[in-house]
Amino acid sequence: MSNRYAKSYEIFEKAKQIIPGGVTKARVPHVPGRYPVYADKAEGAYVWDVDGNKYIDWMCGYGCILLGHRYKPVDNAAKAQIDKTFMTFLASPVQNTLAEMLIADIPSAEMVRFCKSGTDATSGAVRIARIYTGRDKIVRWGYHGWADWAVSNFHGFDVGVPQVVRDLTLTFEYNNIDSLQKVFDANKGQIACLIMMPFETELPKPGFLEKAKEICHKNGAVFIMDEVRSSYRMALGGAQEYYKVTPDVTALSKSMANGYSIGGIVGKKEIMEVITKGLFSATFFVSTLEMAAAIATINIIRNEPVIKHIWDIGEKLQKGLKGAVEGKGVNVKVVGAPPMPFVQFNLEDKEQNEKFKMEFYAEVAANGVYFHPNHHWFVSYSHTQEHVNRTVEVCEKALKKAISICC
């Protein structure tokens with residue numbers, strides 16, 4: 001283990017005795033012994049680990065941080081709400097203000113219900129579709145959180161999921177409209193909805209999202225777009241605005257409050273209204289602390305060039321990374337949408353590929369850049385050209401070292 005992360009691993013060893021796995025699943029040490037585990041503080045586009053190492057942070061709290069860490073106007077709005085109170089049994093008019101903002105910005109939004117997380121939002125959207133259609137089966141694609149239905153056909157994460165849930169949850173191949181059609185054909189009149197991310201690292205082919213929506217409507221199913229990651233990054237109205245495809249229902253969370261825990265479901269009025277027939281309620285759903293933060297965040301996005309900046313920085317990062325990869329003689333590709341870029345390793349030998357990838361990420365972290373090896377990254381309003389330049393420089397150095405060790 002590197003002395004660079006001594007405190008992180010000392011804490012991690014103790015944590016494993018009191019917390020299963022030591023940390024939540026996605027926060028495991030990506031390169032054991034050679035990657036930070038615990039953060040101490042964050043500011044703007046930087047995060048510091050408990051050993052005092054400083055990183056350019058391209059994970060942004062897994063996409064929750066849109067503007068930057070400790071963004072004062074948002075934090076001040078949250079503090080002002082705390083001073084008034086943020087948790088009572090009664091609802092607050094603050095929810096109406098935020099709901100009206102979502103309805104104004106998001107193409108699919110005619111009505112809104114709030115919750116606390118992405119899993120809340122996607123699970124609520126699926127329940128709405130089941131109530132609306134009276135059907136049980138669903139089709140899903142992408143990552144939708146940790147609920148049983150969301151991981152029922154997610155290899156490696158489906159332990160503990162009852163078979164009946166697996167039987168009701170179907171999937172298909174992204175960007176392959178024929179595979180989606182086959183699922184609907186094999187389950188005529190039984191599918192309540194298709195819930196899907198608009199993209200992950202592979203972007204949608206022209207017409208793919210439109211055809212997916214068309215298949216849903218021809219079969220009486222609800223078309224749900226999971227914009228937990230893409231909302232307020234691709235455009236003010238999310239990926240649906242950017243790709244000009246309006247779903248029936250949308251799940252939101254992450255960046256809408258710059259790190260404060262909030263989620264939402266928005267959609268057509270006739271579909272959303274059925275939620276009152278079922279139960280979608282939790283004690284903390286009415287908390288106004290996060291709503292105040294979301295209002296402040298969205299106002300900044302509306303009034304400043306946040307999305308333009310994120311796209312510009314993302315494009316520059318991708319361009320720089322492509323230049324760093326070029327001519328190295330290894331199958332490494334820069335993929336994803338600019339606001340959520342990623343580097344994909346495609347060496348033929350799987351063991352060599354994994355070793356190469358881990359060497360790359362260990363070297364990147366050792367030089368002060370924080371990425372996730374297995375999931376796309378996130379650009380924030382606080383990232384600058386200087387951060388891009390340094391990141392590209394570090395990545396080029398890391399690629400050369402990985403090549404020297406593994407190839």
Side-chain angles (χ1 to χ4, degrees), residues 63-64 66 91-129 131-133 142 144-145 193-199 209-210 212-213 216-217 221-258 260-278 280-281 285-286 288 290-303 306-307 339:
C64 296
L66 180 74
S92 166
V94 174
Q95 71 173 6
N96 293 16
T97 303
L98 179 56
E100 286 166 354
M101 294 176 81
L102 298 184
I103 290 167
D105 292 342
I106 300 169
S108 63
E110 294 177 5
M111 297 192 86
V112 183
R113 282 294 294 265
F114 293 110
C115 52
K116 300 303 298 175
S117 71
T119 298
D120 287 341
T122 56
S123 295
V126 167
R127 179 168 294 177
I128 287 170
I131 296 170
Y132 182 73
T133 62
H144 308 294
C193 65
L194 162 62
I195 179 168
M196 62 178 293
M197 296 169 63
F199 64 88
L209 295 174
E210 292 90 336
K213 176 181 175 181
C216 284
H217 287 181
V222 177
F223 180 47
I224 303 170
M225 199 174 279
D226 177 352
E227 290 227 51
V228 167
R229 298 186 196 180
S230 55
S231 60
Y232 292 104
R233 286 186 178 278
M234 295 297 287
L236 182 62
Q240 60 194 266
E241 178 188 324
Y242 181 79
Y243 288 115
K244 297 180 174 58
V245 179
T246 303
D248 301 311
V249 175
T250 305
L252 308 167
S253 189
K254 290 197 184 281
S255 61
M256 66 185 284
N258 199 52
Y260 289 83
S261 177
I262 190 169
I265 309 165
V266 306
K268 291 181 179 178
K269 185 175 182 180
E270 66 174 285
I271 299 175
M272 291 293 296
E273 283 182 325
V274 305
I275 199 170
T276 59
K277 296 179 181 179
F280 183 73
S281 178
F285 281 4
V286 299
T288 54
E290 301 83 352
M291 294 179 189
I295 289 167
T297 300
I298 293 168
N299 275 326
I300 293 166
I301 299 167
R302 284 176 170 183
N303 297 313
V306 174
I307 293 167

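The model shown is predicted, which means the values in this text are computed figures rather than measured ones.
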Asp120 backbone acceptor or donor facing Ser117 side chain under 3.5 Å: yes
For this session: Determine whether Asn258 and Ile300 make a side-chain contact, defined as any pair of heavy atoms from C-beta on separated by less than 4.5 Å.
Result: no
Distance col, row Ile195:CD1 vs Thr250:OG1, nearest 0.5 angstrom, shows 9.5 Å
Notebook entry, point to check: So do Ile103 and Val266 actually touch side chain to side chain, heavy atoms under 4.5 Å?
Noted result: no
*asked:* Would you call the rings of Phe280 and Phe285 parallel, tilted or perpendicular, taking 30° and 60° as the class edges?
replied: tilted
Distance col, row Cys64:SG vs Ile262:CD1, nearest 0.5 angstrom, shows 12.0 Å
Review point. Just wondering, do Met101 and Arg302 contact through their side chains at under 4.5 Å, heavy atoms?
Key: yes
What one should report as the nearest heavy-atom pair of Pro247 and Met225 is CG-CB, 3.7 Å
Of all heavy-atom pairs linking Val94 and Ala292, the shortest is CG1-N, 4.3 Å
Distance col, row Lys268:NZ vs Ile128:CD1, nearest 0.5 angstrom, shows 14.0 Å
Tightest non-hydrogen contact, residues Cys115 and Ala121, listed as SG-N, 3.6 Å
Contact check, side chains of Glu273 and Met111, non-hydrogen atoms, under 4.5 Å: yes
Review point. How about Tyr232 and Asp105: do any of their side-chain heavy atoms sit closer than 4.5 Å?
Key: yes
Item to check | Ser108 and Thr246, any side-chain heavy atoms less than 4.5 Å apart | outcome: yes
Separation between CG (Leu102) and CE (Met256), nearest 0.5 Å, reads 4.5 Å
Minimal heavy-atom distance between Ala129 and Cys193, with the atoms involved, is CB-CB, 3.5 Å
Shortest non-hydrogen pair, Ser255 vs Leu66, comes out as CB-CB, 3.7 Å
Taking every heavy atom of Glu290 against every heavy atom of Ala257, the minimum-distance pair comes out as O-CB, 3.9 Å
message = Quick check against the 3.5 Å criterion: does Ser261 have a side-chain atom that pairs as donor or acceptor with the backbone of Lys116?
response = yes
dist Ile275:CD1 -> Arg113:CZ (nearest 0.5 Å) comes out at 4.5 Å
Student check: side-chain heavy atoms of Asp248 and His217 closer than 4.5 Å:
yes
Hey, are the side chains of Phe223 and Met196 touching, using non-hydrogen atoms and a 4.5 Å cut-off? yes
Q. Just checking, is any N or O donor in the side chain of Tyr132 or Glu270 under 3.5 Å from an acceptor N or O on the other one?
A. yes
**Message:** Distance alone, cut at 3.5 Å: any donor-acceptor contact between the side chains of Ser92 and Gln95?
**Reply:** no
Separation between OG1 (Thr97) and CD1 (Ile298), nearest 0.5 Å, reads 11.0 Å
